[in-house]
Amino acid sequence: MTAILEIRNVTKLYGNELALDGLSVGLQANEYISLLGPSGSGKSTLLRIIAGFEKPDAGDIFLEGKSVAGVPAHKRGIGFVSQSFALFPHMSVFDNVAFGLRHREEEPVRDEGEITRRVNDMLDLVGLVDLGDRRISQISGGQKQRVALARTLVADPKIILLDEPLGALDANLRSRMRAELRRIRQQLGITFMHVTGNEQEALAMGDRVAVLDSGRLIQVADPDTVYNRPASARVARFLDCYNMFEGRCEDGERFIAGDTSFPCLANQNAQAGPGFYCVRFDKIRVAPASEAPQPGEVGVRATFITSEYSGPSVMYFFEGQGNKVLEVEYHLSHRQPEEFSLGGEYALLWSPGDALVYA
Ligand code: ADP
């Protein structure tokens with residue numbers, strides 16, 4: 001596959017601060033890529049450089065095979081939807097979307113018939129065709145998000161960059177907009193790059209997920225691979241769905257964490273030395289402390305602290321050795337919720353093959 005956009009060895013320094021560190025990645029035509037990273041990892045810097053608002057200190061970006069170095073932002077054919085939406089509050093929804101067509105530097109559209117047609121097509125696509133006359137101050141946050149998207153899409157970009165587009169929306173609206181964004185992208189067949197600090201959003205949205213850490217990409221893969229086989233302990237930590245035991249692997253056969261020893265399997269390729277032993281929240285079974293583990297199961301003892309119900313799942317929080325908080329997730333489509341007694345001791349058990357071991 002040829003990349004529509006290729007980022008090659010891009011480095012960006014702010015003073016002594018390395019915001020991007022020789023970053024390379026290709027975006028395919030017609031794909032939804034999520035860019036996941038903690039605050040300060042360089043996500044916004046990368047978007048600004050791709051969009052052309054800032055220059056890299058080294059490296060280059062190729063759009064359909066041509067370098068965009070020296071091409072100003074408005075001539076790149078790359079749309080940018082910012083976190084704040086940046087709409088004109090006193091203008092109507094229609095005029096906000098039409099603004100770029102009417103006032104752009106190159107070939108502004110003068111034909112009002114064409115403007116009306118193109119703006120209404122986009123309002124239709126984002127589900128706002130009946131609200132064209134409303135002022136921005138008279139619509140909801142979710143509707144503003146749609147206007148911002150329509151205003152970017154009306155210019156016919158090849159790529160859309162979305163900077164934490166759902167961050168300003170409440171939880172309910174966020175999950176609806178996730179589905180909407182995917183539908184809109186599929187309908188248009190263009191490439192979306194969606195920046196988020198939320199691991200669930202990144203996994204839910206992306207055909208691929210790129211994980212950024214201190215200006216470097218530490219994994220780029222489909223969501224299933226990132227979730228089930230994080231490339232490193234750092235990725236596993238960002239995903240926030242693994243219990244991570246810090247310790248050391250001995251002879252590649254046993255992992256020692258505090259007083260506990262877990263067996264390592266041959267296919268876990270555990271390297272001897274310090275590392276992390278990781279078990280996903282939903283791979284753990286909780287049993288009474290008195291119950292003997294099933295053959296092949298391993299685990300730890302822990303005290304029940306509290307639980308948190310979220311509709312499709314319940315999270316149970318336990319305290320293990322060294323005050324370590326351990327989390328267990330029950331997906332309610334698979335398991336019945338349970339009542340554990342506060343302060344009671346339990347065995348958290350899993351199959352050794354479900355663990356991941358990182359040097
Ligand atoms: P993210 O979007 O992932 O939160 P940013 O791209 O905003 O990360 O920032 C990456 C790093 O670069 C951070 O350490 C940040 O402090 C620094 N940085 C970003 N923009 C600037 C700037 N304009 N001036 C100085 N430092 C900056």
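In what follows, every heavy atom counts, from backbone to side chain, and hydrogens, waters and symmetry copies are set aside. Positions are given from 1, in the same order as the sequence printed here. Counting starts at 1 for both ligands and their atoms, following the listed order.
- In terms of protein heavy-atom proximity, atom 8 (O) of ligand 1 is nearest to G42 N, 3.1 Å.
- If you check which protein heavy atom lies closest to atom 23 (N) of ligand 1, you get Y14 CE2, 3.7 Å.
- Comment: R301 does not engage D259 in a salt bridge, judged by the lack of any side-chain N to carboxylate O separation of less than 4.0 angstrom.
- Using a 4.0 Å cut-off to heavy atoms of E17, the atoms of ligand 1 that qualify are 14 (O).
- Under the 4.0 Å distance rule, the nearest protein heavy atom to atom 16 (O) of ligand 1 falls outside the cut-off.
- Near R48, the atoms of ligand 1 lying under 4.0 angstrom from a non-hydrogen atom of the residue are 20 (N).
- Using a 4.0 Å cut-off between charged nitrogen and carboxylate oxygen, R216 and D21 count as a salt-bridge pair.
- Residue G40 has at least one N or O atom closer than 3.5 Å to an N or O atom of ligand 1.
- Under 4.0 Å is where a charged nitrogen must lie from a carboxylate oxygen, and between E180 and R146 at least one such pair does.
- Between F276 and F245, the distance separating the two ring centers is not shorter than 6.0 angstrom.
- By the 4.0 Å N-to-carboxylate-O rule, E291 lies close enough to R285 to be salt-bridged with it.
- Within the structure, ligand 1 has P38 among the residues with a heavy atom less than 4.0 angstrom away.
- Between Y32 and the options Q186, R185, H194, a side-chain hydrogen bond (donor to acceptor under 3.5 Å, both in side chains) holds for only H194.
- Of the charged side-chain nitrogens involved, none lies within less than 4.0 Å of a carboxylate oxygen, so that K324 and E319 do not count as a salt-bridged pair.
- Nearest non-hydrogen protein atom to atom 6 (O) of ligand 1 is T45 OG1, 2.5 Å.
- Atom 12 (O) of ligand 1 has its closest protein heavy atom at A19 CB, 3.4 Å.
- Distance check for atom 25 (C) of ligand 1: a protein heavy atom is found below 4.0 Å.
- Ligand 1 lies nowhere less than 4.0 angstrom from a heavy atom belonging to G37.
- A cation-pi geometry, defined here as NZ or CZ lying under 6.0 Å from the six-membered ring centre and within 45° of its normal, does not hold between K66 and F62.
- With respect to atom 7 (O) of ligand 1, the closest heavy atom belonging to the protein is S44 CB, 3.9 Å.
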